[in-house]
Amino acid sequence: DNRANIMKKQLPHILSLSTVAKSRLFEIQAVDLKFSNGIDRTYERFRPFNRDSVIVIAIDGEDLLLVREYAVGTEQYELGFVKGGMDTGETPEQSANRELQEEIGLGAKKWTFLRTMKINPQIMGHKMHVLLGEDLYPNQLEGDEPEPLEIVRYPLSQLDALLMSDEFNEARNLTALYTLRDYLKKRQ
């Protein structure tokens, strides 16, 4: 079995770590490695951190609740799900509920864990938990967004159109939406 061989494969030996760039938010490390076949290679990665995040799929009746928020990487407003970092000591459900209340002023009484995904494991060790929030109730918490987020209702009956929308194209959002679509098919 090829999978068993991969699992037995010896991990490369880390020869050294050094910081090559650092900002207020990020630290990039050079990682000098020696592979089991004797080849040395230097990789760069974001410094590993132990703070997971959540992406929240909120369903209200027959609608998904999305947010439109400014993304500096594309220099435009992007449509997506509520998301954010987990605070120390929070479970994914607690974090998801807090983020939902901060970003759209609603909490959820029912939570379903859908999956955990890794964001670009070639250069970072970050994990994001995908949760479905239902049975919503109003409760606004103060968040850290510089401006109020636009809440966009999107019919569940139009998931395929959302998957193809030019306005909804960030990889984490797409993965979460595919996961939701599969979950809803099984739930029916």
Side-chain angles (χ1 to χ4, degrees), residues 23-26 46 49 51-120 123-124 126-185 187-188:
S23 76
R24 181 178 59 84
L25 297 175
F26 303 106
F46 287 102
F49 55 96
R51 186 173 178 216
D52 290 352
S53 62
V54 293
I55 188 164
V56 184
I57 302 171
I59 294 181
D60 185 29
E62 295 299 315
D63 292 333
L64 286 175
L65 297 182
L66 305 168
V67 292
R68 186 172 284 114
E69 137 178 65
Y70 183 74
V72 71
T74 59
E75 298 179 6
Q76 62 188 21
Y77 284 88
E78 300 280 348
L79 184 63
F81 292 115
V82 167
K83 59 182 83 60
M86 291 176 60
D87 287 343
T88 303
E90 281 185 327
T91 66
E93 292 80 6
Q94 290 168 330
S95 180
N97 206 38
R98 177 183 48 75
E99 287 292 340
L100 194 61
Q101 291 174 71
E102 288 175 358
E103 293 192 12
I104 65 172
L106 297 171
K109 294 177 186 171
K110 179 182 177 191
W111 288 100
T112 305
F113 173 83
L114 297 179
R115 72 165 295 133
T116 297
M117 58 181 157
K118 294 179 181 174
I119 312 302
N120 198 348
I123 62 168
M124 60 194 323
H126 182 72
K127 291 187 291 188
M128 179 171 257
H129 308 286
V130 182
L131 292 107
L132 169 61
E134 299 175 282
D135 195 7
L136 305 179
Y137 61 91
N139 192 42
Q140 181 73 53
L141 294 177
E142 187 174 335
D144 59 0
E145 284 71 31
E147 64 182 359
L149 302 181
E150 179 186 350
I151 301 169
V152 177
R153 296 181 80 83
Y154 206 94
L156 281 170
S157 62
Q158 299 294 315
L159 290 186
D160 288 339
L162 183 57
L163 284 167
M164 299 310 295
S165 171
D166 289 340
E167 192 178 22
F168 185 87
N169 54 26
E170 196 256 333
R172 297 175 299 173
N173 289 314
L174 288 167
T175 300
L177 190 57
Y178 278 112
T179 301
L180 173 68
R181 186 181 68 175
D182 292 349
Y183 171 78
L184 292 176
K185 285 179 185 176
R187 186 164 90 169
Q188 288 177 350

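- Between P138 and L106 the shortest heavy-atom distance is CA-CD2, 3.7 Å.
- Ring geometry for F113 against H129 counts as tilted: the plane angle lies between 30° and 60°, on a 0 to 90° scale.
- Looking at E78 and K83, no side-chain N of the basic residue comes within less than 4.0 Å of a carboxylate O on the acidic one, giving no salt bridge.
- Among residues two or more places apart in sequence or in another chain, the side-chain hydrogen bond (donor to acceptor under 3.5 Å, both in side chains) test is passed with E102 by R98.
- Within the model, atoms CD of E142 and CD of E145 stand 10.5 Å from one another, a figure rounded to the nearest 0.5 Å.
- Taking each heavy atom of L100 and A58 in turn, the nearest pair found is CD1-CB, 3.8 Å.
- In terms of heavy atoms, Y77 sits closest to E147 at OH-OE2, 2.7 Å.
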- Determine, step by step, whether I59 and L180 satisfy the side-chain contact (heavy atoms from CB on, under 4.5 Å) criterion, reporting the C-alpha distance in whole Å, the side-chain angles of both residues, the deciding distance to 0.1 Å, and the verdict. CA-CA 10 Å; I59 294 181; L180 173 68; 4.2 Å; yes

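- F81 has its ring centre less than 6.0 Å from the ring centre of F168.
- Atoms CD and CG, from E167 and L66 in turn, are 9.0 Å apart once rounded to the nearest 0.5 Å.
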- Task: Output, in order, the C-alpha distance, side-chain angles, deciding distance and verdict of side-chain contact (heavy atoms from CB on, under 4.5 Å) for V56 and E103.
- Result: CA-CA 11 Å; V56 184; E103 293 192 12; over 6 Å; no

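- Side-chain N or O atoms of N97 include one that pairs as donor or acceptor with a backbone N or O of A108 at under 3.5 Å.
- The two residues L131 and A96 come nearest to each other via the heavy atoms CD1-CB, 4.1 Å.
- Here the side chains of I55 and M117 are in contact, with some heavy-atom distance below 4.5 Å.
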- Task: Apply the test side-chain contact (heavy atoms from CB on, under 4.5 Å) to residues R153 and L65: give CA-CA distance (whole Å), side-chain angles for both, the deciding distance (0.1 Å), then the verdict.
- Result: CA-CA 5 Å; R153 296 181 80 83; L65 297 182; 3.4 Å; yes

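- Few gaps surround CD on Q76; more than 12 heavy atoms of other groups in view lie less than 6.0 Å from it.
- Considering T179, L177, L114 in turn, L114 is the only one that fulfils the side chain to side chain contact (heavy atoms under 4.5 Å, CB included) rule with I57.
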- Message: Assess the residue pair D52 and T116 against the criterion (side-chain contact (heavy atoms from CB on, under 4.5 Å)); give the C-alpha distance rounded to whole Å, side-chain angles, the decisive distance to 0.1 Å, and a yes or no.
- Response: CA-CA 10 Å; D52 290 352; T116 297; over 6 Å; no

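- Between the CG atom in D182 and the CZ atom in R115 there is a gap of 10.0 Å [rounded to 0.5 Å].
- With contacts defined as side-chain heavy-atom distances shorter than 4.5 Å, the pair L64/L162 qualifies.
- Going from atom CH2 of W111 over to atom OG1 of T91 covers 10.0 Å, rounded to the nearest 0.5 Å.
- The minimum heavy-atom distance linking S95 with E90 is given by the pair CB-OE1, 3.2 Å.
- Between the CG atom in L163 and the CG atom in N173 there is a gap of 10.5 Å [rounded to 0.5 Å].
- How far CG of L156 is from CG of D63: 6.5 Å, rounded to the nearest 0.5 Å.
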